[in-house]
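Atoms within a ligand are numbered from 1 in the order they appear, just like the ligands themselves.
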Amino acid sequence: MPPESVTRFAPSPTGPLHLGHAYSALIAASRAGAGRFLLRIEDIDRARCRPEWEAQIFDDLAWLGLDWPRPVKRQSERMPAYRAALRRMAAEGLLYPCRCTRADIRAALSAPQEGARGPDGPVYPGTCRARTMAEARPDDALRLNMAAALARVPRLSFTENGPLYPGMHRLDPDAMVAGVGDVVLARRDMGTSYHLSVVLDDAAQGITEVTRGADLFDATVIHVLLQSLLELPRPSYWHHGLIRDEAGKRLAKRDDARALAGFRAEGASPQDIRAMLNL
Ligand code: GLU
C-alpha cells in the first residue's frame with residue numbers, strides 16, 4: 001500500500017447506515033493508511049435521497065471515530081461534469097438514445113435463447129441500438145454501445161488488492177458484449193448513472209484505491225472501460241465481503257434492526273461495532 005493512498009466511502013443517503021456500511025467505511029479508512037480517506041455523498045437518485053439521512057451518515061461516521069475533509073463532494077453538484085462526459089462519448093459515436101421500458105426489455109428477451117444477466121440486470125437486447133443521437137428526445141435514456149466502445153480501447157486490466165479476488169483481472173471483450181451489454185450511462189430520470197458518476201468522481205477526487213462491497217465487483221469492468229474511454233487514471237480496487245444477518249441474508253438499508261443508530265441507542269460503543277465486524 002503506497003503511503004499516499006486516497007480512498008473513499010461513498011454512501012447514498014437513502015436510509016440509515018447499517019453494519020455493512022460501517023464495515024465498508026472502516027475498511028476504506030484503514031486502507032488510506034497515512035494517505036487520505038474521503039467521504040462522498042452519492043445522491044443522484046433525487047427521488048430516494050433525503051437530507052436527514054445525509055445528516056445521520058455524518059453523525060454515525062463521526063461516532064465511529066472517522067474523520068474526513070470538508071466540504072464533502074455531492075454527486076448532485078456534479079451534473080455539468082457528467083453531461084460533458086456524455087457529450088464527449090456521444091460525439092465519438094459511442095452512445096445511443098433508448099426509450100425501452102423494463103417491460104419492453106422483458107418482452108424482447110422472452111425468446112428462449114436470450115436472457116443473460118449482467119451487473120445491471122438482464123443484458124439489453126439492443127432494440128434501440130440503430131437509433132442515433134440526432135433522434136434523441138429529452139426523456140430518453142442513453143446507452144453505451146458496448147461493442148463500439150470496446151473496439152476503441154486496447155486490452156484492459158485492473159488490479160484487485162482485496163482478499164476475495166486478488167490479482168490482475170483482464171477485461172474479456174466477448175464476455176462483456178454477451179454478459180454486460182449496452183449499459184445505461186444516463187438514466188431518463190437522472191441524466192446520469194451510478195457507473196458514469198462513480199468513475200468521474202473517483203478520478204476528480206484522485207482516488208487511488210476504490211474500496212467497496214463485493215456486490216460491485218462485476219461492475220468494475222464497466223468502470224475500467226469508462227476510465228479508458230474518458231482517459232482517466234485507473235485506481236486499484238479492494239472489494240470486501242458483505243456483512244450478512246444471522247440467516248445469511250445480505251443487509252439492506254431497510255433492515256432497520258441492523259442500523260448503526262439502533263445499536264447506538266441500545267448503548268453499543270464504536271469498539272463493540274468493530275468487534276461485531278471482526279475488525
Ligand atoms: N453509492 C454506492 C452504494 O451506496 C457505493 C458505490 C461505490 O462504492 O462504488 O452502494
Side-chain angles (χ1 to χ4, degrees), residues 5-32 36-50 53-58 60-61 64 66 68 72-78 81-82 118-121 158-162 164-165 169 180 183-185 187 190 192-227 230 232-244 250-255 258-260:
S5 288
V6 185
T7 66
R8 63 11 175 226
F9 175 56
S12 298
T14 55
L17 294 189
H18 56 60
L19 280 181
H21 294 103
Y23 190 57
S24 210
L26 290 166
I27 286 180
S30 82
R31 292 294 298 169
R36 283 190 308 144
F37 163 72
L38 307 181
L39 176 63
R40 178 171 75 229
I41 298 295
E42 302 218 318
D43 57 351
I44 48 176
D45 191 346
R46 304 308 291 158
R48 293 175 58 224
C49 294
R50 301 261 179 283
W53 293 128
E54 186 181 300
Q56 179 85 50
I57 288 171
F58 296 146
D60 282 341
L61 294 179
L64 273 176
L66 295 173
W68 56 90
V72 299
K73 277 241 188 318
R74 285 189 186 76
Q75 290 191 322
S76 54
E77 294 160 0
R78 298 260 304 143
Y82 307 151
D120 291 347
F158 67 93
T159 303
E160 170 70 32
N161 295 326
L164 299 176
Y165 324 97
H169 295 261
V180 178
V183 287
V184 169
L185 292 189
R187 282 174 50 166
M190 289 182 190
T192 183
S193 60
Y194 161 65
H195 301 304
L196 181 67
S197 297
V198 84
V199 160
L200 289 167
D201 292 350
D202 284 337
Q205 293 191 283
I207 303 301
T208 61
E209 186 179 80
V210 170
T211 61
R212 60 188 180 195
D215 53 327
L216 290 168
F217 181 76
D218 288 345
T220 307
V221 292
I222 303 169
H223 303 171
V224 168
L225 172 61
L226 290 175
Q227 285 153 7
L230 296 167
L232 302 172
R234 169 141 327 122
S236 57
Y237 289 85
W238 176 292
H239 288 89
H240 59 76
L242 302 177
I243 301 297
R244 296 174 188 277
R250 215 188 120 189
L251 298 180
K253 289 222 173 84
R254 57 190 172 278
D255 297 335
R258 292 278 150 165
L260 284 181

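Checking His21 against Asp60 by side-chain atom types alone, no donor-acceptor pair falls below 3.5 Å. Checking Glu160 against His239 by side-chain atom types alone, a donor-acceptor pair falls below 3.5 Å.
Numbered from 1 in the order shown, with element, the atoms of ligand 1 that lie under 4.0 Å from a heavy atom of Ser12 read 1 (N), 4 (O). For ligand 1, the atoms sitting less than 4.0 Å from at least one non-hydrogen atom of Glu42 are 1 (N), 2 (C), 5 (C), 6 (C), numbered in the order shown with element in parentheses. Close approach of ligand 1 to Ala10 is summarised as follows: ligand atoms under 4.0 Å from at least one heavy atom of the residue are 1 (N), 2 (C), 3 (C), 4 (O), 5 (C). Atoms of ligand 1 lying under 4.0 Å from any heavy atom of Arg212, numbered from 1 in the order shown and given with element: 7 (C), 8 (O), 9 (O). Counting the atoms of ligand 1 from 1 in the order shown, those under 4.0 Å from a heavy atom of Val198 are 9 (O). Heavy-atom contacts of Arg8 reach the following atoms of ligand 1: 7 (C), 8 (O), 9 (O) (cutoff under 4.0 Å).
For the ligand labelled ligand 1, residue His21 lies outside the 4.0 Å heavy-atom shell. Contact annotation: Tyr194 has at least one heavy atom less than 4.0 Å from an atom of ligand 1.
Ring geometry for Phe217 against Tyr165 counts as parallel: the plane angle stays under 30°, on a 0 to 90° scale with 60° as the upper cut.
Partners of Ser76 under the side-chain hydrogen bond (donor to acceptor under 3.5 Å, both in side chains) rule, at least two apart in sequence or in another chain, are Asp43.
When atom types are taken as modelled, the side chain of Ser193 and the backbone of Leu185 share a donor-acceptor pair closer than 3.5 angstrom.
Pairs passing the salt bridge (Lys or Arg N to Asp or Glu O under 4.0 Å) check and including a residue from residues 192-208, sequence neighbours excluded, read Arg8-Asp202, Arg40-Asp201, Arg40-Asp202, Arg78-Asp201.
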